[in-house]
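Residue numbers begin at 1 in each chain, while the letters A, B, ... track the order of the sequences.
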Amino acid sequence: VVSRYLTRCVRVTVADDEIAVRAIMTPHHLNKKRTGLTRKAFVSPAEVDEVSVSRQPYVAAWIAKLWARAVVQSPPDKVYVGLAFIDVQKVRQAGSDVFDSRSEYLGHGDIRHGIVMPKKGVPLPPPVLLQLDTQLDAIVNAAHFVHDAKPRSLRWSE
Amino acid sequence: MTSISLSGWDASSVFGTLMPTYVPPRRWRVLWPADSSQWIEASATEQLDAIASLVDDWDGYGGAAIDAATIAAGKAFLSQLIELPHSVLPNASGTLSLEWDSHMGRAHLEIGTEKFSFYAAPRLGPPTFLSGDAQVDDAEEINNALAAVTQTSSAGAITPSDWTGGIALPD
């Protein structure tokens, strides 16, 4: 009963005023100065158009951090360094969209750019690559990256 | 009375033979990872070597490993480009990206196992699109397009004497 109630509390439609949270990993999600994001922070894997995010109204930042450290990161190649927060409205203004994907976990969402990535090892056609980069640049510029000063702590404090 | 000073000694050298090196369990290593800043400071070729060692799911979101053929093509491109890329990054789809970004524009060379895609988008003027075989012998077209978005001139690009009417500028 509690599960059903919680499921109903999470709206299937992602509203414009929601905030999407993306876990950021070194080294490939950060620029050389390690101060800002690269486009790779919001790129989909092969053959899909899904960039995993958490929906801030339903998933607290400390849970997103815990998930990133326990499940996503894999040292030493891939280390959690912080969270990126972005307004869903700004994602949509960039030409992408955010959808609910609760099959992953309740409060999980996907950014979709409208461009399904090709098979493994196949590059995108140049005009599509430019289109995707333009959208990604807009998302990166709109995202607010918070470098986690205490990545080992279980708490999240901005 | 004789005193023994341990200044300059550390516990491991004193007790090294008695205390075995402690290796934290896997779960702890996940929570306290090593720093990865060395990757950021590496050269483009070293970054390619590091990228070659990535395994499937390297980004935690299902990223595909980069094939050896793609890495080899990336190194071949690097040896022919007039301007080294500002960033060398793997893609989750198993390709490799060489990117340039300056006040004059941006360019992106995506290298796959067999093919490459390239665009150069200057701030002013239309973008240039190129694609072809990843085992490229001559990157002249790419270099010419790169010259429009970076400050490096290449053969065929505009030189200072072109825009001064042949008058040499003082050094």
K.L.:
Does His108(B) have any side-chain hydrogen bond (donor to acceptor under 3.5 Å, both in side chains) partners at least two apart in sequence or in another chain, and if so, which?
P.N.:
Asp133(A), Ser97(B)
K.L.:
If you measure from CG on Leu129(A) to CZ on Phe129(B), what distance do you get to the nearest 0.5 Å?
P.N.:
9.0 Å
K.L.:
Can you pull out the residues in residues 115-124 of chain A with any heavy atom less than 4.5 Å from chain B?
P.N.:
Met117(A), Pro118(A), Lys119(A), Lys120(A), Gly121(A), Val122(A), Pro123(A), Leu124(A)
K.L.:
Might you point out which heavy atoms bring Pro126(A) and Phe118(B) nearest each other, and give the distance in Å?
P.N.:
CB-O, 3.5 Å
K.L.:
Quick check on Thr38(A) against chain B: is it the side chain, the backbone, both or neither that has a heavy atom closer than 4.5 Å?
P.N.:
side chain
K.L.:
Is there a path from Val53(A) to Val48(A) through hydrophobic residues (I, L, V, M, F, W, Y) whose side chains come within less than 4.5 Å of each other?
P.N.:
no
K.L.:
Would you please go through residues 14-21 of chain A and name the residues with a non-hydrogen atom below 4.5 Å from one of chain B, in numerical order?
P.N.:
none
K.L.:
Less than 4.5 Å to any heavy atom of chain A: does that hold for the side chain of Leu96(B), its backbone, both, or neither?
P.N.:
neither
K.L.:
Taking atom types as modelled and ignoring hydrogens, do the side chains of Arg106(B) and Thr134(A) form a donor-acceptor contact shorter than 3.5 angstrom?
P.N.:
yes
K.L.:
Run the side-chain hydrogen bond (donor to acceptor under 3.5 Å, both in side chains) test against Ser96(A) and tell me which residues pass, sequence neighbours left out.
P.N.:
His113(A), Gln135(A)
K.L.:
For the candidates Pro125(A), Ala46(A), Ser52(A), Ala68(A), which exhibits the highest count of non-hydrogen atom pairs separated by less than 4.5 Å from chain B?
P.N.:
Ala46(A)
K.L.:
Which bit of Pro127(A) comes within less than 4.5 Å of chain B, counting heavy atoms only: side chain, backbone, both or neither?
P.N.:
both
K.L.:
Any chance CD of Gln93(A) has more than 12 other-residue heavy atoms, nucleotides or ligands included, within less than 6.0 Å?
P.N.:
yes
K.L.:
Is there a path of hydrophobic side-chain contacts, each under 4.5 Å between heavy atoms of I, L, V, M, F, W or Y residues, that connects Tyr105(A) with Phe99(A)?
P.N.:
no
K.L.:
For Glu114(B), does the CD atom have more than 12 heavy-atom neighbours from other residues, nucleotides or ligands under 6.0 Å away?
P.N.:
no
K.L.:
Just so I understand: if I count every heavy-atom pair under 4.5 Å between each of Ala134(B), Gly112(B), Ala69(B) and chain A, which residue has the most?
P.N.:
Gly112(B)
